[in-house]
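Structure record follows, encoded as structure tokens.
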Number of protein chains: 2
Amino acid sequence: MTEDPAPVDAPERPPRTMSRDARRVQLIEATIHTIAAQGLAWTTLTQVARRAGLSHGLILWHFETKENLFRETLSYLAEEYHLNWQVALAAAGPHPADQLRAMMAADFNAPIIEPGRLAAWCAFWGEAQSRPLYQQVCGDKDDAYIRQLERICAALTPPAGTALDPVLAGRMLRLVVQGTWLDMMTTAPTYSVAEAQRTVEAALAMCFPDYFAAAPTAERPAPTPAG
Amino acid sequence: MTEDPAPVDAPERPPRTMSRDARRVQLIEATIHTIAAQGLAWTTLTQVARRAGLSHGLILWHFETKENLFRETLSYLAEEYHLNWQVALAAAGPHPADQLRAMMAADFNAPIIEPGRLAAWCAFWGEAQSRPLYQQVCGDKDDAYIRQLERICAALTPPAGTALDPVLAGRMLRLVVQGTWLDMMTTAPTYSVAEAQRTVEAALAMCFPDYFAAAPTAERPAPTPAG
DNA sequence: AAACTGATTGACAGACCAGTCAATCAAAGG
DNA sequence: CCTTTGATTGACTGGTCTGTCAATCAGTTT
């Protein structure tokens, strides 16, 4: 038994010591879920460690400080979100309407709107005003998202001056998505994802009626389909 | 000196001992501003007390527990918000379009969007998922606001089935307002109130073009006014 | 003016938590 | 087999915070 009787190539159970990156991701995931369960304020290193099945000293070995653990957690979420819409955009067709639809749909991809993640986002927003953390970590990526939306909206806006300003259109679409996220957190009977998506589709139809069909009514089936 | 040499009717300086209600309001205001400055998580009783120029023991005398201080602070904000839109609604004309405009405008009244208050709201939203506090305190009032908006939107929606569903319209308008609030907190160069209002006006024009004029473009002046 | 009542203070206790550190453990290399 | 290096643990420390409480203070009543 001094030598391994069989090679343990298959990663069936996690090894006692992990690679630096893998362990960091594990701890970040534990942090996200602890924040979702306890709230950012009441998240302690010991709780995160317990959820990961590790000691709290290890967190400080990997992240040096609690503040830094939070910074890297937010950065991880921001990167995940950024990649999510960029991949969706790259996979969409060349028409701006398809691209816009893809970006909006991406915001409701299952891994993105997992309750734990939404809760963590909300918790970080709540601290955005009083601590510079949010701006430092997410400022650039938020800007990139906003500018991309505006660019697509501009491409959908006819050159004549009567239509909706693309900056306003982009902002409104972003606010509706962001707002439905917040709704899913703060309203009592967590509202269905389908309902949230229907709201976004309605917003798209309102902003660019030439490219998007009007959504049906919210609850009851539409009495007569409109051509 | 055993008797007051002059009646101190004029409330020039606050008396050492205040009426229960006045003291509670003073402490709640101090709590709001401490939350805005430090964040909900890092708000301590001693900091709130110092801001009010009182001792931290007094907070516990009036509110029994820190959790309860937060509950009453949120309740105070919710009541203030609720009264604000109800007063605006009562002062508006009988036409639903005027009422809708009044409600939207009320959400940008100076005392409501004071930075300290917005920051406090965001902080409480951030905790809404993990702690039942928000739902307990604001659930009913949020519902009342939503139902009122839907009622007005329904009154503006023609009976024919082709128009935007009033539930979706009301929700979208609410999301845009809520979203601009969040934007004012999380985006770097705190965006101007005028810009936020213009966004809301654009949303109104999109939802009910028969009643609301399209807003001008976001930054540059509109090249030609559209009839 | 003495007694009384409610408001206010500040010292204190108990609990908890972030961060330090020495010891232990596991994998890899010589 | 021994050494080295990096990962991991858990006890410990210093500090902070909430909540308690006895003492004090300021009005009000007797």
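Per chain, numbering begins at 1; letters A, B, ... match sequence-line order.
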| message | On the nucleotide C:dA7, are OP1 or OP2 found under 4.0 Å from the side-chain N or O atoms that B:R23 carries? | response | no

Hits for salt bridge (charged side-chain N to carboxylate O under 4.0 Å, His left out) against A:R51, two or more places apart or cross-chain, chain-then-number order -> none

Taking C:dA7, D:dT8, C:dG10 as options, the one with an atom nearest any side-chain atom of B:L58 is C:dA7

Handout entry: Polar contact flag, side-chain donor to acceptor under 3.5 angstrom, A:N109-A:Y81
Key = no

**Message:** If the cut-off is 4.0 Å, is B:W61 near the phosphate of C:dA7, judged by side-chain N/O to OP1 or OP2?
**Reply:** yes

OP1 or OP2 of C:dG6 under 4.0 Å from side-chain N/O of B:R20: no

From CD of B:Q38 across to P of D:dC17 the rounded distance in Å is 10 Å

Exercise for review: Tell me whether the guanidinium CZ or amine NZ of A:R174 lies under 6.0 angstrom from the six-membered ring centre of A:Y145 and within 45° of its axis.
Suggested key: no

From NE2 of B:H62 across to P of D:dG19 the rounded distance in Å is 16 Å

request  = With A:R131 as the cation and B:W42 as the aromatic partner, state whether NZ or CZ is under 6.0 Å from the six-membered ring centre and within 45° of the axis.
outcome  = yes

Can you find a side-chain donor-acceptor pair between B:H33 and B:E114 that sits under 3.5 Å? yes

Whole-Å distance, A:I59 CD1 to D:dA7 P, equals 16 Å

5' to 3', nucleotides 14-21 of chain C under a 4.0 Å protein heavy-atom cut-off (B base, S sugar-phosphate only, - none) gives ---SSBB-

Does the side chain of A:W125 come within less than 4.5 Å of A:W181's, by heavy atoms?
-> yes

